[in-house]
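Worksheet: one structure, shown below.
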2 protein chains.
Amino acid sequence: MHFPIPFNHSTSTQSAVSCTTCARQTQCFAQELDTDVLLSLAENIRQRPLARGTFAYRSGDAFNTLYFIQEGFCKKALIDDAGQECIVGFSMAGDVLGLDGCAEGCYTSQAVALQDSVVCEIPFTSLLALSFTFPSLQQSLHRIMSREIAHNQKSMLLLGSLPAEEKLLAFLYGLAQQFAVRGIAADAFDLPMSREEIAGFLGLQMETVSRAFTKLHAEGLINVQRRHIRIDTARAA
Amino acid sequence: MHFPIPFNHSTSTQSAVSCTTCARQTQCFAQELDTDVLLSLAENIRQRPLARGTFAYRSGDAFNTLYFIQEGFCKKALIDDAGQECIVGFSMAGDVLGLDGCAEGCYTSQAVALQDSVVCEIPFTSLLALSFTFPSLQQSLHRIMSREIAHNQKSMLLLGSLPAEEKLLAFLYGLAQQFAVRGIAADAFDLPMSREEIAGFLGLQMETVSRAFTKLHAEGLINVQRRHIRIDTARAA
DNA sequence: CGCGAAGTTGATTACTATCAATCTGAGTGG
DNA sequence: CCACTCAGATTGATAGTAATCAACTTCGCG
């Protein structure tokens, strides 16, 4: 059921491919990496469980590995001058972590699992070596990094200039879209992160996020019960 | 005076290399690309002047080119739902533009020159072709993209959770550092962008930026006269 | 000299942060 | 099975900050 080579040329496809017998994600959501194939190609490409609350990597660690999330949910964060954790993004099954480390030889961010997760560890040198045998793998990496750049730019748009309520709504629609792309129910889901973590990402305070949830609920735009969200995905542009 | 090959393995070097006879930047600030060499290697890698106010590329344009800024200054922006231009970053000589287009086949942002500039147009396919001959060129590209990711993450930290005055100060220190890395005087410089553009980047209103300038000046942290800034770079951590 | 774009300043309103109290639900142990 | 506990979440009151609207200033330019 998987492609015989660890890459795929299609750029337009946005649908996810996952194993039918389990929820485990084996391909990047644009089908650019197939971990089943990668695992079979190199000895040092391995799966590793990542328990809730543990780090995939920390800021300052020497960079040598990319982490492909097969199962679960992670947050990416920077530590600011005040020692405060500032969340710069969330990643889910099918995403790749650690792309920021390549430039300076060490990670500038840290990644923590918000759920018990499974990552596929891909030593960067192995990936480079494989990309000689499979040239399109190189281009897949470019696309993955490029998508990260484009995605971060959109996040910056979200952070600037929107009032709290709209920030939160846009954030939820964004999440729903991520789920939809992966073939997961997008109109009802459980938030993997706390109010505080949402606040940290949106540049707000926890209380403001909570109030925004309450208000959006009252306005009928969403349905909230603690971390369970129901949302009308048809509106999500 | 330039490297004989269009790439360089050093990762630790942070100093810039520019032509001694002119202000033109020929190498990426981490010495990863040398445009003089690139220009000599492929016919379709060309220099192009970019007049103030003109686009390097627009959102939605088909992606096929990276733009290496040799001279000048550009802003990168997204257009939000309200048709408002939201600035997601500024780029200067030695930076590479257009990295966000690789993923989806079209640019998701737009880039506009804030000064009369000169860019080196690098067709992406040419770059890929060259990276077969010069394998390290591939890794240079990875580093450039990775740096963009790390840099955007830091920008997100700037946008979230800091009050206006501190945002502006951090922005100015960041700019000063960019200048310093390139060997340009960093303790006194002219801002290439308007108050409104700074506001667009920092997620503030123009008036707030203006007030923040006034206040920082009054506090003696900076010296402002319209667009001319003097700043104590020793404090810039 | 007048014009217009860019920038500054002032007054007021709207929004968000902050501090504090309370509520809820999951997990724990008696 | 139920009270207890505690972290996460909600709500309220108030203070602080930035947005908004408006007037004014400065500078470059024809």
Side-chain angles (χ1 to χ4, degrees), chain A residues 51-53 73 75 80 82 84-87 90 112 114-116 158-172 189-219 221-230, chain B residues 52-53 73 75 80 82 84-87 112 114-116 158-172 190-219 222-230:
Chain A
R52 184 175 180 283
F73 208 100
K75 63 175 174 183
D80 69 11
Q84 185 73 24
E85 181 188 76
C86 296
I87 293 175
F90 297 101
V112 180
L114 294 177
Q115 301 172 338
D116 290 340
L158 214 175
L159 288 173
S161 70
L162 282 184
E165 216 173 305
E166 291 175 40
K167 276 188 188 179
L168 181 58
L169 196 59
F171 171 69
L172 293 174
F189 54 87
D190 286 304
L191 291 170
M193 73 292 283
S194 68
R195 297 288 188 264
E196 190 144 22
E197 286 161 337
I198 296 174
F201 178 62
L202 296 178
L204 300 169
Q205 288 305 114
M206 184 194 53
E207 294 93 329
T208 305
V209 171
S210 184
R211 279 183 242 274
F213 266 120
T214 305
K215 203 146 176 232
L216 290 174
H217 183 97
E219 289 164 351
L221 289 168
I222 61 172
N223 188 298
V224 195
Q225 275 182 303
R226 310 281 287 183
R227 292 200 181 185
H228 190 74
I229 306 290
R230 281 195 290 117
Chain B
R52 184 174 180 283
F73 208 100
K75 63 175 174 183
D80 69 11
Q84 186 73 23
E85 180 189 74
C86 296
I87 293 175
V112 180
L114 294 178
Q115 301 172 338
D116 290 339
L158 214 174
L159 288 175
S161 71
L162 282 184
E165 217 173 305
E166 292 176 40
K167 276 187 187 178
L168 182 59
L169 195 59
F171 171 69
L172 293 175
D190 286 304
L191 291 170
M193 72 292 280
S194 68
R195 298 288 189 264
E196 191 144 21
E197 285 161 337
I198 296 173
F201 178 62
L202 296 178
L204 301 169
Q205 288 305 114
M206 185 194 53
E207 295 93 329
T208 307
V209 171
S210 184
R211 279 184 243 275
F213 266 120
T214 305
K215 205 150 175 226
L216 290 174
H217 183 96
E219 288 165 351
I222 61 173
N223 186 297
V224 195
Q225 276 181 304
R226 310 279 287 183
R227 294 202 181 185
H228 190 73
I229 306 289
R230 279 193 292 117

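Throughout, protein chains are lettered first and strands after them, A, B, ... in sequence-line order, and every chain is numbered starting at 1.
The stretch residues 207-218 of chain B touches DNA chain D through E207(B), T208(B), R211(B), each having a heavy atom within less than 4.0 Å of the strand.
Here the side chain of Q205(B) is nearest to one of dT20(D), dT8(C), dT16(C), namely dT20(D).
Across its full length, the helix from dC1(C)-dG30(D) to dG30(C)-dC1(D) shows an angle of 30° between the axes of its 5 terminal pairs at either end, rounded to 10 degrees.
As rounded to whole Å, 13 Å separates atom C1' of dG25(C) from atom CZ of R195(A). A straight line from CD of E196(A) to P of dA9(D) spans 9 Å, rounded to a whole angstrom. The nearest whole Å value for the distance from the CE atom in M206(B) to the C1' atom in dA6(C) is 8 Å. For L159(B) and dT16(C), the CG to C1' distance is 17 Å, given to the nearest whole Å. Atom CG of L204(B) and atom C1' of dC15(C) are 14 Å apart (whole Å). In this structure, the CG atom of L168(B) is 15 Å from the C1' atom of dT17(D), given to the nearest Å. Taking atom CD of E166(B) as the reference point, atom C1' of dA17(C) lies 14 Å away to the nearest angstrom. Distance D190(A) CG to dG8(D) P: 17 Å, rounded to the nearest Å.
In terms of heavy-atom proximity, A212(A) sits nearest to L168(A) at CB-CD2, 3.7 Å. Considering every non-hydrogen atom in both A164(B) and L204(B), the closest pair reads CB-CD1, 3.8 Å. For H228(A) against D190(A), the heavy-atom pair with the smallest separation is ND1-OD1, 2.9 Å. Across all their heavy atoms, D80(A) and C86(A) have their closest contact at OD2-SG, 3.5 Å. Here the closest heavy-atom approach between residue K75(A) and residue E85(A) is recorded as NZ-OE1, 3.0 Å.
Within the 4.5 Å cutoff, the side chain of N223(A) has heavy atoms near those of the H217(A) side chain.
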(request) Indicate for each nucleotide in nucleotides 24-30 of chain D, in 5' to 3' sequence, whether protein heavy atoms under 4.0 Å reach the base (B), only the sugar-phosphate (S), or nothing (-). (result) -------
Check nucleotides 12-14 of chain C against the protein and report each pair of N or O atoms closer than 3.5 Å, with its distance, or say if there are none.
none

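Counting only distance, with no hydrogens or angles, the side chain of R227(B) and the backbone of R195(B) share no donor-acceptor pair below 3.5 Å. Of the possible donor and acceptor atoms, one in the side chain of K167(A) sits under 3.5 Å from a partner among the backbone N and O of L159(A).
F213(A) pairs by the ring pair (Phe, Tyr, Trp, His ring centres under 6.0 Å) definition with nothing, not counting sequence neighbours. Scanning for salt bridge (Lys or Arg N to Asp or Glu O under 4.0 Å) contacts around E207(A) gives an empty result, with sequence neighbours left out.
In this structure, the separation between CG on L158(B) and CD on E166(B) is 10.5 Å, given to the nearest 0.5 Å. Summarising the geometry, atom CD1 belonging to I229(B) is positioned 4.0 Å from atom CG belonging to L191(B); distances are rounded to the nearest 0.5 Å.
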(message) side chain to side chain contact (heavy atoms under 4.5 Å, CB included), that's the test. Do L114(B) and R52(B) meet it? Break it down for me.
(response) CA-CA 5 Å; L114(B) 294 178; R52(B) 184 174 180 283; 5.9 Å; no
(request) Walk me through it: do V224(A) and L216(A) pass the test side chain to side chain contact (heavy atoms under 4.5 Å, CB included)? (result) CA-CA 9 Å; V224(A) 195; L216(A) 290 174; 6.0 Å; no
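The phosphate of dG7(C) (OP1 or OP2) has a side-chain N or O of R227(B) nearer than 4.0 angstrom.
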